[in-house]
S.K.: 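Handing you this structure, nothing more for now.
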Amino acid sequence: MARPFDVVELESKWQQRWRESGLYEVDNDDPRERFYALCMYPYPSGAAHQGHVRNYTFGDLVVRYQTMLGKAVLSPFGFDSFGLPAENAAIKAGSHPRIFTDQRIEELKSSVQKLGAVYDWRREVHSHDPDYIKNSQLIFLKFFEAGLAYRANAPVNWCPGCATVLANEQVNGDGTCDRSGDLVERKNLEQWFFKITDYADELLNEVDGLEWPERVKTMQRNWIGRSEGAEFALSVDGQPDVALRVFTTRPDTGFGVTYAVVAPEHELLPTLTTPEQAAAVSELVERARGASELERTASSDSGAGLDKRGAFTGSYVINPFTGDKVPVYVADYVLGTYGTGAIMAVPAEDERDYAFAQVHGLPVVRTVAPPEDFDGGAYAGAGVKINSGFLDGLDVDSAKKAAIEFVVKNAAGESKVNFRLRDWLVSRQRFWGCPIPVVYCDGCGIVPVPVEQLPVVAPDDVAMNKSGQSPLATHEGFRNTTCPTCGGAARREADTMDTFTDSSWYFLRFTDPFTAGKPFDPTEAAKWMPVDQYIGGIEHAILHLLYARFYMKALVDVGLAPGLPREPFKKLFTQGMIRMGGSKMSKSKGNLVAPQQYYDSVGADGLRLFHLFVGPPNEDFDWTDQTNDVIDGCARFIDRLWRLAELEDVVWRDTADESDLAIRRATHKTIVRVTEGFEKWGYNTGVAALMELLNALSKWARDAHGAHRATFDEALDTMCLLLAPMAPHVASELWARRHGDDQFVHAQSWPTADPAMLVDDTVTMVIQVAGKVKARLEVAADISEEAAIAAALQEPSIAALLGGAAPSRVIARPPKLVNIVP
RNA sequence: GGGGGCGUAGCCCAAUGGCAGAGGCAAGGCGCUUAAACCGCCUCCAGUGAGGGUUCGAGUCCCUCCGCCCCUACCA
């Protein structure tokens, strides 16, 4: 595209001037009202792609807009610089992940700066900086001290491709690794956990008060997965010392329990298995152990394969409600990790139990009367209790309460709340992460590394591999140490922490990156927290946001963040994703579109305007063949504005006339529309409003009728101000050309509309008959209801339609509409 | 299976329950030009996925269905 100015030169000039001006460097004691705007800090994967562009454009808009509203806006940037891709790349290249990472950081930083996004770079943070590592470790030790970090042998998700353990959150629904796509295996290992489950209730309850997208809030609630019910014991027939504890959300269905099921991992399974059934049970257990999650969850609807996925143990338990003996099965549809790992099965009121019962020929006893027209198997809805002894006639909710009372008295029961949320497994058998700061001593056990010895930093000469063993474990110099307590020989922990631990507190470090010796000074952090506006992708709706919320609460509780709010992010905005050819634009899909070519042609401003204009920010959009044309269109808008500002052959009039009034009104209405766009994340309509104003202004200024200077200046200055957050470079340049080279448009106040300019003298009033538009009338804007009705009825075409008959009803919404119902 | 979102012109998208069109892209035309591009001006195009309901009035609210997308899932 031929541009009326040198876009590359202009943009780099202003980027330099912003840096030099320090306009967006804010100090913690800034007297202005504070505002903390934050985009999720990125993993440094190389030069920016359109997803970054979109993200940081929105973030920059918030920063520049809030600044023009007179606030001190904290706008920090940093890098989530630990992680697998760098380690894998280093293994491949035979180099060190730090080299790779630092390179990528420079690339991403440079392309973000070329976007014209402004940050307080003095506060830049990298997760892999020794200082950051030290503080991450200090937090770990505080968690350990408080009992929030613990070590346990646990079945874990092992990804053979990544050669590491994964958190539950990193395993896909089909049992594959979120990152590599490999099938995840189950292994028992000694691992470090964070006790996020201690906060399950708080994490759930406080979701309600967050100004977050409903969708994200729902996802958080579902992930935490609170279920209310009862836990009680089933006594085992013939084994008086053994009881099988089960959890249910439907204690009211107790009379319908026709069998029980334990998970293949259940500790009582050997006790329950009779010699006759041993072969069948062990076959089932082997199958379940070897089976991937994928196989294990397959065909759950159809019931196909269920015969092979369950086996009778040979034992019976007593249904405490009926006193009946019911068989105990082992089946892989019951999970060892949820509830007690055992269930009471009620085929009549649970679909999975029903499908299993059908296959294994187990009886079905209804305890809730289904609706008359019900013809399915299990009925899980509301209704009246039947076949349920003392519960008969009750509704489900009352019956639940009564049944819980019953099991409390008769079956060692209690009402119980279970969560789907598990403790957070933070150990990773990888090199490029924050080392876990503990040592193991034969005499003293687990010993935390003393704070004054932090950070524990990995040596550079570690052989990285994918053997599944932590690379640090192979480095004798690192591994062998002395016990801080007894001075004897000890071994360092060789695992590193999940990188989600780094991203769980970086927003706090940003508030106070200068304090040494601790993660942040609470009084400094309290000046900015919580983050007023957090911006990021929907892909972080569960993991990152949940972990960060947990960290915030835990940091307060362990005393590192006294006085700070327990929720870190007040408002959250999740941007829509960019699709291309039907799938998400991503590095792994190889369908990235780099911004550089656009920086060179339409400029960052043109590209920014495109991302703002293409549609609502929270909605996805498709990058198509037509997209480049639309981007050109956005640059064309900038060019048209430029030419108008530089237009020389305007006929200037000395006095204002009616046409000036129209332009002034258009100008002030545009202020309202663009401001609303900023407040309601409707940038697309804001850009459209600016285009509209430019069209009107351009036509008016070029007309032989001529323009009045003050009107023109007001309109053009207003456009520069409104565009300052959206297209900051060209807005800066035009402002400086109009007001002097030392003038910054971004140091100006956001314009406010004159209310007098927002009302028109006359309005087109629509006259409807029975809801259909029949006539239009130009009326005074302040017309009364009576006058509007009178005018409508007097309108000849309306009078003719009514034929002299009195209308049965007239609805007037002056001055816009009168609706006559004949 | 559960949850959420979307469906308006050839395309992207606007419309506090009140005239379906603000803006852009594409297409076509005119002007400018030796010509083209650029630039300026103009034109064209849908009755809102389907069907019900509420209302004086529905793209908008409610219900059913269709299509596409995202998230989630043996969680007892």
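Computed from a predicted model, the values in this text were never measured in an experiment. Just so we're on the same page: letters track the sequence lines, and every chain starts at 1.
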S.K.: Just name whichever nucleotide pairs with rA27(B), Watson-Crick or G-U, keeping both distances under 3.5 Å, else none.
M.R.: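 Its partner is rU43(B).
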
S.K.: Whole Å only: how far is the NZ atom of K217(A) from the P atom of rG5(B)?
M.R.: 14 Å

S.K.: Indicate, with a heavy-atom threshold strictly under 4.0 Å, whether K772(A) touches base, sugar-phosphate, or nothing.
M.R.: nothing

S.K.: Can you tell me the base-pairing partner of rA35(B)? Count Watson-Crick or G-U wobble geometry only, both distances below 3.5 Å, and say none if there is no partner.
M.R.: none

S.K.: When only distance counts, do a donor and an acceptor, one from the side chain of N819(A) and one from the base of rC56(B), lie under 3.5 Å apart?
M.R.: yes

S.K.: Take atom P in rC66(B) and the same atom in rG24(B), then report the distance between them in whole Å.
M.R.: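 Each nucleotide's P atom is 39 Å from the other's.
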
S.K.: Return the value, rounded to whole Å, for the distance between atom CE of M577(A) and atom P of rC68(B).
M.R.: 16 Å

S.K.: Side chain of R422(A), base of rC75(B): donor and acceptor closer than 3.5 Å?
M.R.: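 When only heavy-atom distances are counted, R422(A) does reach the base of rC75(B) through a donor-acceptor pair under 3.5 Å.
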
S.K.: Might you confirm whether atom CD of E646(A) has over 12 heavy atoms from other residues, nucleotides or ligands at distances under 6.0 Å?
M.R.: yes

S.K.: With a cut-off of less than 4.0 Å, is there a side-chain N or O of R352(A) near OP1 or OP2 of rC75(B)?
M.R.: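 Result: yes.
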
S.K.: When all nucleic acid strands are considered with a 4.0 Å heavy-atom cut-off, which category describes V773(A): base, sugar-phosphate, or nothing?
M.R.: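 Sugar-phosphate, backbone atoms only, no base.
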
S.K.: Using OP1 and OP2 only, check whether a side-chain N or O of R215(A) sits under 4.0 Å from rC6(B).
M.R.: no

S.K.: Mind checking T627(A) for me? I need base, sugar-phosphate or nothing, with any heavy atom below 4.0 Å counting as a touch.
M.R.: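 Result for T627(A) = nothing.
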
S.K.: Atom CG of L693(A) to atom C1' of rG23(B): distance rounded to whole Å?
M.R.: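 After rounding, the gap between these two atoms is 13 Å.
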
S.K.: Using the C1' atom as the point on both nucleotides, what is the distance between rA26(B) and rC68(B), in whole Å?
M.R.: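 Looking at atom C1' only, rC68(B) and rA26(B) are 24 Å apart.
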
S.K.: Does OP1 or OP2 of rG57(B) have a side-chain N or O of R809(A) closer than 4.0 Å?
M.R.: no

S.K.: With a 6.0 Å cut-off on the ring centroids, do Y338(A) and F419(A) count as close?
M.R.: no

S.K.: Toward the 5' end of RNA chain B, which comes first, A342(A) or K699(A), by nearest nucleotide?
M.R.: K699(A)

S.K.: Taking only N and O in the side chain of R420(A), is any of them less than 4.0 Å away from OP1 or OP2 of rA73(B)?
M.R.: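 Checking rA73(B) against R420(A), a side-chain N or O does come within under 4.0 Å of OP1 or OP2.
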
S.K.: With both distances kept under 3.5 Å, what pairs with rG1(B), Watson-Crick or G-U wobble?
M.R.: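 rU72(B) - that is the nucleotide pairing with rG1(B), both distances being under 3.5 Å.
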
S.K.: Check every strand shown and say whether R776(A) touches a base, only sugar-phosphate, or nothing at a heavy-atom separation below 4.0 Å.
M.R.: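 Here R776(A) touches the bases of the nucleic acid.
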
S.K.: Does G615(A) or R673(A) map to a spot on RNA chain B nearer the 5' end, using the closest nucleotide for each?
M.R.: G615(A)

S.K.: Does Q358(A) CD have over 12 foreign heavy atoms under 6.0 Å away?
M.R.: yes

S.K.: Once you round it to whole Å, what is the distance between P of rG24(B) and CG of L690(A)?
M.R.: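 Distance, rounded to whole Å: 12 Å.
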
S.K.: Only pairs with both distances under 3.5 Å count, Watson-Crick or wobble alike; so what is the partner of rA58(B) in this structure?
M.R.: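 Base partner found: none.
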
S.K.: Rounded to whole Å, how long is the line connecting atom CE of M580(A) with atom P of rC69(B)?
M.R.: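 To the nearest whole Å, that distance equals 18 Å.
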
S.K.: Can you tell me, in whole Å, how much space there is between the C1' of rA9(B) and that of rG59(B)?
M.R.: 14 Å

S.K.: Distance check, C1' atoms only: rC71(B) and rA76(B), in whole angstrom units.
M.R.: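 Per the computed distance, 23 Å lies between those C1' atoms.
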
S.K.: Pick one for rG49(B): is it syn, with its angle within 90° of 0, or anti?
M.R.: anti

S.K.: Taking the cut-offs as 6.0 angstrom to the six-membered ring centre and 45 degrees off its axis, would you call R420(A) and W223(A) a cation-pi pair?
M.R.: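 Pair R420(A)/W223(A) counts as cation-pi.
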
S.K.: I'd like the P distance from rC38(B) over to rC30(B), given in whole Å.
M.R.: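 Each nucleotide's P atom is 16 Å from the other's.
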
S.K.: Rounded to the Å, how far apart are R3(A) CZ and rC39(B) C1'?
M.R.: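 My rounded result for the distance is 14 Å.
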
S.K.: Taking atom C1' in both rG47(B) and rA37(B), compute the distance separating them and give it to the nearest angstrom.
M.R.: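 One C1' to the other, the span is 39 Å.
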
S.K.: With a 4.0 Å limit, can you tell me whether R813(A) has a side-chain N or O closer than that to the phosphate oxygens OP1/OP2 of rG57(B)?
M.R.: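 For R813(A), the contact criterion (side-chain N or O under 4.0 Å from OP1 or OP2 of rG57(B)) is not met.
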
S.K.: Would you say the base of rG18(B) and the side-chain of Q768(A) have a donor-acceptor pair closer than 3.5 Å?
M.R.: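 Between rG18(B) and Q768(A), which were checked side chain against base, a qualifying N/O pair under 3.5 Å is present.
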
S.K.: For atom C1', what is the distance between rC69(B) and rG23(B), given to the nearest Å?
M.R.: 26 Å

S.K.: Would the base of rG5(B) count as contacting E214(A) through its side chain, where contact means a donor and an acceptor less than 3.5 Å apart?
M.R.: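 Check fails, no donor-acceptor contact within cut-off.
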
S.K.: Ring centroid separation for Y683(A) and F678(A), is it under 6.0 angstrom?
M.R.: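 Ring-ring flag for Y683(A)/F678(A): true, centres closer than 6.0 Å.
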
S.K.: Which whole number of Å gives the distance between the C1' atom of rC32(B) and that of rG40(B)?
M.R.: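 The answer is 8 Å between these two C1' atoms.
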
S.K.: Tell me whether K217(A) at atom NZ has more than 12 heavy atoms from other residues, nucleotides or ligands lying less than 6.0 Å away.
M.R.: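 Yes, NZ of K217(A) has more than 12 neighbouring heavy atoms, counting only those of other groups under 6.0 Å.
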
S.K.: Hey, is the side chain of N695(A) poking within less than 4.0 Å of OP1 or OP2 on rG24(B), counting only N and O atoms?
M.R.: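 Yes.
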
S.K.: Once you apply the 3.5 Å cut-off to both distances, tell me the Watson-Crick or G-U wobble partner of rC65(B), or none.
M.R.: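 Base partner found: rG49(B).
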
S.K.: Against I343(A), only a single residue in V262(A), D353(A), L335(A), D350(A) fulfils side-chain contact (heavy atoms from CB on, under 4.5 Å); can you say which?
M.R.: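 Only match with I343(A) under side-chain contact (heavy atoms from CB on, under 4.5 Å): D353(A).
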
S.K.: Have T367(A) and E349(A) got a donor and an acceptor in their side chains that come within less than 3.5 Å?
M.R.: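 Looking only at side-chain atoms, E349(A) and T367(A) do form a donor-acceptor pair, the distance falling under 3.5 Å.
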
S.K.: For rU8(B), give its Watson-Crick or G-U wobble partner with both distances under 3.5 Å, or none.
M.R.: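 Pairing partner: none.
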
S.K.: Of the listed nucleotides (rG40(B), rC25(B), rA14(B)), which one gets closest to any side-chain atom of R643(A)?
M.R.: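 Side chain of R643(A) sits closest to rG40(B).
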
